[in-house]
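Structure first, commentary second.
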Amino acid sequence: VAATGEDTYTFTDDFKSMFPCQQTLESNDTFIRDGYVAVGYSTEPVSYEEYSTVNDIPGFSNMGGVCEVGDSGRLDLYVVWAKASPESDFIFNNGTITGYRGSDRIVVIPDKINGMNVTRIASNVITSDMITKVVIPKTVLTIDTQAFNRCTNLGEVVFFDSLESVTDSSFSTCSKLSTIVLNASRLPKYSGTAEGSFCIKYELVRTLRDSKKIVVVSGSSTLNGLDSDVMEENFPGYSVINYGTNAANQSVFFLDVISNYVTEGDLII
């Protein structure tokens, strides 16, 4: 269940331990609230401004990601809304933000200014050392070099996969930037396929970091050749995460991700 103001949208499923939030993306127009930008989901109704980082929001999940389901098998998801900064805070010309004259700690760029979509953030637009968080709407396609310059206290940025052009230099000298939220703006291309299951497997590895686990890294031979349930029966106390996927994907990528969450006693195959 995802609540938006007075409206409630219900998704019925046989919930496993992880719920793929990509199911909430089947309609791009499902979660729209005038004057706000959706940041992600929470298991409690909260305001984005209440928390110093999304990592402190109860049960937070990015849009298009996955969310952990409790023992009850019921999952209540609430959209986390961020109130858009006043349009008057921005200097805007033909779809491009060319300046910022606000003084807020949290900057939430509106998706429209003067009724026109915001599609680009120009260089040296935001240079305030007061800013700690920035939310960029899904209408933005380009973030220029040094768009966020000398924002020495900027720690968190939220943006969408509709973004087409951005580089490290877009956040020049933002030395405290440590949290990035990447939201999906549409149903992923590989949704429902083996390749599209990576986010769920990643969350399993991350959330089971304090439990014993067997992580399998290989190509489609393990996807189709290993039975995780049988392995768990023969290795009591272990959870199996099978990363078997298209053989064209390099195992180095998976090993790099997994290395952040394995602990002593885990098995890597």
Q) Applying the 4.5 Å side-chain criterion to the ILVMFWY set and letting contacts propagate, would Ile121 and Phe160 be lumped into a single cluster? A) no
**Q.** Side chain to side chain, Val257 and Val205, heavy atoms closer than 4.5 Å
**A.** no
Q) Is a donor on one side and an acceptor on the other found under 3.5 Å between the side chain of Ser123 and the backbone of Thr145? A) yes
Q: Measure the NZ-OG1 distance between Lys133 and Thr53 for me, rounded to the nearest 0.5 Å.
A: 7.0 Å
Q: Could you give me the CA-CA distance, side-chain angles and deciding distance for Ile136 and Val158, then say whether side-chain contact (heavy atoms from CB on, under 4.5 Å) is met?
A: CA-CA 6 Å; Ile136 301 170; Val158 179; over 6 Å; no
Q: Determine the minimum heavy-atom distance between Thr98 and Val125, stating which atoms define it.
A: C-CG2, 3.6 Å
Q | Nearest heavy-atom neighbours spanning Tyr41 and Val80 | A | C-CG2, 3.7 Å
Q.
When you compare the side chains of Asn153 and Asp129, does any donor N or O come within less than 3.5 Å of an acceptor on the partner?
A. no
Q. Quick one: does Thr119's side chain have a donor or acceptor within less than 3.5 Å of a partner on Val140's backbone?
A. no
Q: Over all heavy atoms of both residues, which pair between Ser211 and Asp266 is shortest? Give the atoms and the distance, please.
A: O-OD1, 3.5 Å
(Q) Quick one, Asn55 and Thr179 - any side-chain contact, counting heavy atoms below 4.5 Å? (A) yes
Q | Pairwise side-chain contact, Leu154 with Val134, heavy-atom cut-off 4.5 Å (strictly under) | A | yes
Q. Does a side-chain N-to-carboxylate-O contact under 4.0 Å join Lys138 and Asp111?
A. no
Q) Is there a donor-acceptor contact under 3.5 Å from the side chain of Asp161 to the main chain of Ser185? A) yes
(Q) Donor-acceptor pair, distance only, cut-off 3.5 Å: does the side chain of Arg33 make one with the backbone of Ala38? (A) no
Q: Using a 4.5 Å cut-off on heavy atoms from C-beta on, say whether the side chain of Phe159 contacts that of Val181.
A: no
Q) Any side-chain heavy-atom pair from Val217 and Ile258 closer than 4.5 angstrom? A) yes
Q. What is the distance from atom CG of Asp104 to atom NZ of Lys83, rounded to the nearest 0.5 Å?
A. 11.0 Å
(Q) When you group the ILVMFWY residues by side-chain heavy-atom contacts below 4.5 Å and let the links chain together, are Met63 and Val37 in the same group? (A) yes
**Q.** Atom pair CG/OG1 of Leu208 and Thr263 - distance to nearest 0.5 Å
**A.** 10.0 Å
Q.
Less than 4.5 Å apart, side chain to side chain, heavy atoms only: is that true for Tyr100 and Asp89?
A. yes
**Q.** Ser169 versus Thr167, side-chain donor and acceptor atoms under 3.5 Å
**A.** yes
Q. Does the Ser42 side chain pair with the main chain of Glu44, one donor and one acceptor, at a distance under 3.5 Å?
A. yes
Q: Kindly say whether Pro58 contributes a backbone atom to a donor-acceptor pair with the side chain of Thr43 at under 3.5 angstrom?
A: yes
Q: Give a yes or no answer on whether the side chain of Glu232 reaches the backbone of Gly237 with a donor-acceptor pair at less than 3.5 Å.
A: no
Q. Checking Ser172 side chain against Gln146 main chain: does a donor-acceptor pair fall under 3.5 Å?
A. no
Q | Stepwise side-chain contact (heavy atoms from CB on, under 4.5 Å) check, Leu226 with Val216 | A | CA-CA 9 Å; Leu226 292 179; Val216 184; 3.8 Å; yes
Q: Check the pair Leu267, Lys213 against side-chain contact (heavy atoms from CB on, under 4.5 Å), reporting the backbone distance first and the verdict last.
A: CA-CA 6 Å; Leu267 303 177; Lys213 49 190 172 290; over 6 Å; no
Q: Look at the rings of Tyr36 and Trp81 and say which category their plane angle falls in: under 30° parallel, 30 to 60° tilted, over 60° perpendicular.
A: perpendicular
Q. Hey, does the side chain of Glu156 reach the backbone of Leu177 with a donor-acceptor pair shorter than 3.5 angstrom?
A. no
Q.
Could you report the tightest heavy-atom contact between Ala82 and Tyr48, atom names first, then the distance?
A. CB-CD2, 3.7 Å
Q: State yes or no: do Val118 and Ile106 share one hydrophobic cluster built from I, L, V, M, F, W and Y residues joined by side-chain heavy-atom distances below 4.5 Å, directly or via other members?
A: no
Q) At their closest point, which heavy atom of Arg101 faces which heavy atom of Phe90, and how far apart are they? A) NH2-O, 3.7 Å
Q.
What I'd like to find out is whether the side chain of Ile269 reaches to under 4.5 Å of the side chain of Val215, using heavy atoms alone.
A. no
Q: Determine whether Ile180 and Leu141 fall in the same hydrophobic cluster, where Ile, Leu, Val, Met, Phe, Trp and Tyr are linked whenever their side-chain heavy atoms lie under 4.5 Å apart.
A: no
Q. For the side chain of Thr139 and the backbone of Asn117, is there at least one donor-acceptor N/O pair under 3.5 Å apart?
A. no
Q | Side chain to side chain, Val240 and Phe235, heavy atoms closer than 4.5 Å | A | no
Q) In this structure, are over 12 heavy atoms from other groups packed under 6.0 Å from Asp168 atom CG? A) no
Q: Could you please spell out the steps behind the side chain to side chain donor-acceptor pair (under 3.5 Å) verdict for Asn183 and Asn62?
A: CA-CA 6 Å; Asn183 283 321; Asn62 64 308; 4.5 Å; no
Q.
How close do Cys67 and Gly59 get, counting heavy atoms only, and between which atoms?
A. SG-O, 3.8 Å
(Q) Quick check for you: to the nearest 0.5 Å, what is the distance between Glu87 atom CD and Ile97 atom CD1? (A) 10.0 Å
Q | Value rounded to 0.5 Å, distance of CZ in Phe148 from CD1 in Ile126 | A | 4.0 Å
Q: Show your reasoning for whether side chain to side chain donor-acceptor pair (under 3.5 Å) applies to Arg150 and Thr173.
A: CA-CA 5 Å; Arg150 301 190 300 278; Thr173 66; over 6 Å; no
Q.
Let's go through Tyr202 and Tyr261 carefully: what are the C-alpha distance in whole Å and the side-chain angles of both, what is the deciding distance for ring pair (Phe, Tyr, Trp, His ring centres under 6.0 Å) to 0.1 Å, and is it a yes or a no?
A. CA-CA 10 Å; Tyr202 166 77; Tyr261 304 107; 5.7 Å; yes
Q. Same cluster or not: are Ile268 and Leu204 linked, directly or through other Ile, Leu, Val, Met, Phe, Trp or Tyr residues, by side-chain heavy atoms under 4.5 angstrom apart?
A. yes
Q.
As an exercise, state the distance from CG of Asn114 to CZ of Phe92, rounded to the nearest 0.5 Å.
A. 7.0 Å
